[in-house]
Participant: 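For reference, the structure I am asking about is given below.
The first residue in the sequence is number 1, and the count goes up from there. Keep in mind that the numbers below use all heavy atoms, side chains included, and drop hydrogens, waters and symmetry copies.
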Amino acid sequence: MGPLLCLLSAAGFGAMSIFGKFAYDAGVSPSALLLVRFALAALILAGFLAIRPAPRIGTRIVVTALALGAVGFATQATLFFEALRLMDASLLSLILYTYPLMVTVAAVLLRRDRMTRNRATALTVASAGTLLVLLGAGTGTIDPVGAALGFGAALTYTVYILVSDRVLRSASPVLLSTLVMTGAAVALAGKSVVTGGVDLGFGAAGWFWVACIAVVSTVLASLTFFAGLRRTGPSTAAILSTVEPVVTTALAAVTLGEFLTPAQLAGGVLVLASVAVVQLRPRRSTVLSRTANPAPTPTSVVNRRSAPGPARSPVDSR
């Protein structure tokens with residue numbers, strides 16, 4: 001069940017670029033799309049909390065979560081959808097998906113992890129793949145502004161992940177998602193007031209595609225990812241998430257007529273392979289650790305159960 005939930009999440013996130021393209025064709029501006037997306041998502045998640053309240057959290061965690069949405073997620077989404085106006089959805093998804101590698105480098109620099117030979121090899125392969133993606137445009141040249149915005153979105157998302165990883169230890173996924181979406185909606189609403197407002201006069205088709213982004217690519221994608229993460233663990237969930245750009249590329253080819261060149265496809269394969277290698281390292285370490293420490297005998301299990309010990313935390317009992 002866990003892997004299926006992760007794949008459903010990846011499909012939801014992967015479809016977001018396609019929904020965005022259709023929304024633009026229906027007359028929706030990026031600012032309107034973002035404001036409606038986060039406001040609608042926040043309302044839906046608040047409804048979930050009203051039905052099933054989450055445990056209370058401290059004021060500091062609330063403020064941090066709201067700031068994650070207002071500063072981190074809102075900025076990342078703005079950069080992404082501005083880039084989507086300037087370049088193909090499939091190519092943008094490959095550029096955005098450099099963020100797992102950025103997370104790895106940042107974690108090493110912050111001493112949350114160490115740089116192994118395998119990680120260094122994976123990063124080198126990813127850099128080569130990204131270069132192929134950028135230089136293999138063929139007749140369809142890459143918009144430099146769009147590419148810069150795409151990398152900016154990946155960098156912003158890296159910071160967002162590193163911060164939210166700490167916050168998630170103190171708040172439930174639904175509550176954290178609600179606060180993040182609320183913070184993003186409030187920030188974008190304030191921006192619209194300062195810049196003269198947002199045009200919400202687009203037709204029914206525009207509202208439909210924006211609703212698809214809010215429901216499928218925001219609420220459902222986030223909740224299924226967190227649910228799958230609890231069942232599979234971070235390494236497996238991250239590997240399964242590499243399906244996102246594959247989904248985007250396939251949907252773009254079918255619905256938008258966007259096709260990558262052979263060089264870009266090869267570069268995309270290298271990027272995705274390197275991401276899988278990087279994320280597999282902790283999983284393999286866990287397997288080696290289990291091999292070095294064989295399973296206890298039935299007698300030792302009984303003795304361990306009967307021996308007193310500290311209470312398990314909510315994280316340990318998941």
Side-chain angles (χ1 to χ4, degrees), residues 13-38 72-103 125-160 184 188 191-192 195 198-199 202 206 209-210 212-213 217 242 244-272 274-275:
F13 282 125
M16 182 169 60
S17 298
I18 311 305
F19 294 150
K21 285 288 189 180
F22 285 139
Y24 289 161
D25 292 340
V28 183
S29 66
S31 57
L33 185 154
L34 291 170
L35 178 58
V36 176
R37 172 199 179 188
F38 287 117
F73 209 2
T75 301
Q76 185 272 338
T78 300
L79 293 172
F80 176 83
F81 280 102
E82 288 293 343
L84 189 61
R85 291 200 307 169
L86 303 173
M87 61 193 310
D88 288 348
S90 53
L91 180 56
L92 176 58
S93 69
L94 292 177
I95 292 177
L96 177 67
Y97 217 75
T98 58
Y99 77 81
L101 302 172
M102 296 184 185
V103 170
V125 172
S127 299
T130 302
L131 188 62
L132 279 176
V133 169
L134 294 176
L135 299 181
T139 57
T141 57
I142 295 177
D143 186 281
V145 176
L149 291 173
F151 279 114
L155 180 60
T156 306
Y157 200 49
T158 297
V159 177
Y160 170 82
L188 292 168
K191 176 185 176 182
S192 67
T195 57
V198 172
D199 182 14
F202 43 87
W209 294 119
V210 173
C212 287
I213 293 175
S217 301
T242 59
E244 292 176 26
V246 177
V247 171
T248 302
T249 302
L251 290 177
V254 173
T255 62
L256 302 175
E258 297 178 2
F259 295 95
L260 299 176
T261 65
Q264 288 176 317
L265 287 173
V269 170
L270 289 177
V271 171
L272 298 182
S274 65
V275 170

Participant: Under the side-chain contact (heavy atoms from CB on, under 4.5 Å) criterion, do Leu96 and Gln76 qualify, and how do the steps go?
Facilitator: CA-CA 10 Å; Leu96 177 67; Gln76 185 272 338; 3.8 Å; yes

Participant: Measure the spacing between CG of Leu92 and CZ of Phe81 and express it to the nearest 0.5 Å.
Facilitator: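 That separation rounds to 9.5 Å.
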
Participant: Look up atom OG in Ser93 and atom CZ in Phe13, then write down how far apart they are to the nearest 0.5 Å.
Facilitator: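 Those atoms lie 14.0 Å apart.
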
Participant: Given the side-chain rings of Tyr157 and Tyr160, with only the six-membered ring counted for Trp, is the space between their centroids under 6.0 Å?
Facilitator: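 Between Tyr160 and Tyr157, which both carry aromatic rings, the centre distance is below 6.0 Å.
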
Participant: Could you report the tightest heavy-atom contact between Arg37 and Phe73, atom names first, then the distance?
Facilitator: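 Here Arg37 and Phe73 meet closest at NH2-CZ, 4.0 Å.
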
Participant: With side-chain contact (heavy atoms from CB on, under 4.5 Å) as the test, pick out the partner of Val210 among Val36, Leu34, Leu35.
Facilitator: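 In the set Val36, Leu34, Leu35, the residue that makes a side-chain contact (heavy atoms from CB on, under 4.5 Å) with Val210 is Val36.
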
Participant: Mind listing the closest non-hydrogen atom pair of Gly150 and Ile95 along with its distance?
Facilitator: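 The answer is C-CG2, 3.8 Å.
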
Participant: Using 0.5 Å steps for rounding, measure from the CD1 atom of Ile18 to the SG atom of Cys212.
Facilitator: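 Rounded to the nearest 0.5 Å, the CD1-SG separation comes out at 12.5 Å.
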
Participant: Rounded to the nearest 0.5 Å, what's the gap from OG1 on Thr248 to CG on Leu91? Could you check?
Facilitator: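 Rounded to the nearest 0.5 Å, the OG1-CG separation comes to 11.5 Å.
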
Participant: For Phe202 and Ala26, which heavy atoms make the closest approach, and how far apart are they?
Facilitator: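 Nearest heavy atoms, Phe202 then Ala26: CB-O, 4.1 Å.
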
Participant: Please report the interatomic distance CG(Leu79) to OG1(Thr156), rounded to the nearest 0.5 Å.
Facilitator: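 Between atom CG of Leu79 and atom OG1 of Thr156 there are 5.0 Å.
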
Participant: Can you check whether Thr255 reaches Lys21 side chain to side chain, under 4.5 Å on heavy atoms?
Facilitator: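 No, their side chains stay 4.5 Å or more apart.
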
Participant: To the nearest 0.5 Å, tell me how far Phe19 CZ sits from Leu251 CG.
Facilitator: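 So the gap between those two atoms works out to 8.0 Å.
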
Participant: Counting C-beta onward and ignoring hydrogens, is there a side-chain heavy-atom pair between Phe80 and Ser17 closer than 4.5 Å?
Facilitator: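 Yes, close enough: below the 4.5 Å cut-off.
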
Participant: So do the side chains of Leu84 and Met16 get within less than 4.5 Å of each other, counting heavy atoms only?
Facilitator: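 A side-chain contact is absent here, since even the closest heavy-atom pair is not under 4.5 Å.
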
